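Heads up: the structure comes next, in structure tokens.
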Amino acid sequence: MALSNNVIGAINFVAMLLSIPVIGAGIWLATEADNSCVKILQWPVIILGVLILLVALAGFVGGFWRIPWLLIAYLVLMLLLIVLLACLVVFIYMVTSRGGGHPVPSRAYLEYDLDGFSGWLRRRVRSTYKWDRIRSCLSSTSMCAELNQSYRAAQDFFNAPITPLQSGCCKPPTECGYTFVNPTYWISPINNAADMDCLQWSNDQTQLCYSCDSCKAGLLANLKKEWMKADVVLIITLVALIAVYIFGCCAFRSAKTEELFKKYKQGNAYT
């Protein structure tokens, strides 16, 4: 019985360790400028990771100190958390399965269309109230100023591997026909009515293309790339947690079997 309980405790110690990648993925998302402005995914991931840590800790204590009700609570709650983690993994995959950039002539970077992304993501940025807050947050970062420091010549900028967010927010769309002066300052063509984003562009360094649909699309493309990376971590953790949970269930059943067998032998000894 003691051996089985020690095994259960050890298994739950591994489960505690598996909460670290989940919490780490949430913290990593929170440190990214775009995610810190949007604030959608990082807190659910962090909270789920903390809950996994606490439940695994309860199982660890219940295993080593032989507290059956705590082990039963662990088995029920961990199963629920595994289901929630699986739902989160599927949700992230579903909302990031659509959307991507398209190449433009003589440019190394891609440009992005808002309509290419999932409806759920588009609704996060189409509300004027929500976008005003996100736009204010994005404009306070240094992502566009960094381009001016890194690229002086037009061809160097056109060949640069800039991020989707920089492509959508820091410059006008290529189809507008603006003339390059520096990455965030462009000369307007005679006719710039090809697209509404062409009219939205401003050389004011606090405005740029932050009001453009291309900026919203660039933000979603950035989110998609980062969320997919986080999803890989969550998938690996989910598979490991399922394996740990199965081993924990087997060890718990073994411990209960040993306990019943011990009581049976004691009963026979008295008779």
Side-chain angles (χ1 to χ4, degrees), residues 1-32 35-36 38-97 223 225-269:
M1 178 68 176
L3 178 60
S4 294
N5 281 325
N6 289 339
V7 170
I8 294 171
I11 288 172
N12 286 298
F13 180 74
V14 175
M16 290 167 58
L17 295 179
L18 289 174
S19 70
I20 296 175
V22 180
I23 297 172
I27 293 174
W28 173 71
L29 288 173
T31 60
E32 297 297 306
N35 277 281
S36 64
V38 177
K39 298 179 181 177
I40 298 176
L41 188 63
Q42 58 267 46
W43 283 114
V45 173
I46 291 173
I47 291 171
L48 187 57
V50 171
L51 290 175
I52 292 172
L53 175 62
L54 293 176
V55 171
L57 179 60
F60 177 77
V61 172
F64 273 114
W65 276 270
R66 306 178 191 178
I67 307 175
W69 69 265
L70 200 54
L71 284 174
I72 293 172
Y74 155 77
L75 291 174
V76 173
L77 293 175
M78 185 57 76
L79 178 60
L80 177 61
L81 291 177
I82 287 174
V83 172
L84 288 176
L85 181 57
C87 290
L88 182 61
V89 165
V90 173
F91 169 77
I92 294 173
Y93 173 77
M94 294 297 292
V95 299
T96 58
S97 61
L223 291 178
K225 182 171 65 174
E226 292 163 2
W227 288 13
M228 289 178 69
K229 290 179 180 178
D231 206 31
V232 171
V233 174
L234 296 182
I235 290 171
I236 295 172
T237 304
L238 174 63
V239 172
L241 267 178
I242 291 173
V244 166
Y245 183 79
I246 292 172
F247 283 126
C249 288
C250 293
F252 181 75
R253 185 174 63 180
S254 176
K256 296 300 291 182
T257 301
E258 289 177 22
E259 183 180 16
L260 290 173
F261 185 67
K262 183 179 179 181
K263 289 180 179 179
Y264 175 75
K265 287 199 300 182
Q266 287 175 345
N268 284 342

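We number each residue from 1, following the sequence as shown. Computed from a predicted model, the values in this text were never measured in an experiment.
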Contact summary for [X] and [Y], nearest pair of heavy atoms:
{"X": "Leu29", "Y": "Gln42", "result": "CB-CB, 3.9 Å"}
{"X": "Leu53", "Y": "Ile23", "result": "CD2-CD1, 4.5 Å"}
{"X": "Val22", "Y": "Val45", "result": "O-CG1, 3.2 Å"}
{"X": "Ala25", "Y": "Ala230", "result": "CB-CB, 4.5 Å"}

**Message:** In the structure I gave you, are the side-chain heavy atoms of Leu223 and Thr96 within less than 4.5 Å of one another anywhere?
**Reply:**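 With C-beta onward as the side chain, the pair stays apart.
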**Side-chain heavy-atom pair Tyr245, Leu75 within 4.5 angstrom cut-off** =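 Yes. Closest side-chain heavy atoms under 4.5 Å.
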Roughly how far apart are [X] [atom1] and [Y] [atom2], rounded to 0.5 Å?
{"X": "Leu79", "Y": "Ile242", "atom1": "CG", "atom2": "CD1", "answer": "9.5 Å"}
{"X": "Ile52", "Y": "Thr237", "atom1": "CD1", "atom2": "OG1", "answer": "7.5 Å"}
{"X": "Leu48", "Y": "Trp43", "atom1": "CG", "atom2": "CH2", "answer": "14.0 Å"}
{"X": "Met94", "Y": "Asp231", "atom1": "CE", "atom2": "CG", "answer": "12.0 Å"}
{"X": "Leu18", "Y": "Asn12", "atom1": "CG", "atom2": "CG", "answer": "10.5 Å"}
{"X": "Ile47", "Y": "Leu84", "atom1": "CD1", "atom2": "CG", "answer": "11.5 Å"}

**Message:** Assess the residue pair Asn35 and Trp227 against the criterion (side chain to side chain donor-acceptor pair (under 3.5 Å)); give the C-alpha distance rounded to whole Å, side-chain angles, the decisive distance to 0.1 Å, and a yes or no.
**Reply:** CA-CA 9 Å; Asn35 277 281; Trp227 288 13; 2.8 Å; yes
**Message:** By the definition side-chain contact (heavy atoms from CB on, under 4.5 Å), identify the one residue from Leu241, Val239, Ile92 that meets it with Leu234.
**Reply:**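 Of all the options given, the one that passes is Ile92.
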**Message:** Within a 6.0 Å radius of atom CZ on Phe247, are there more than 12 heavy atoms belonging to other residues, nucleotides or ligands?
**Reply:**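 Atom CZ in Phe247 is not packed in, count stays at 12 or less.
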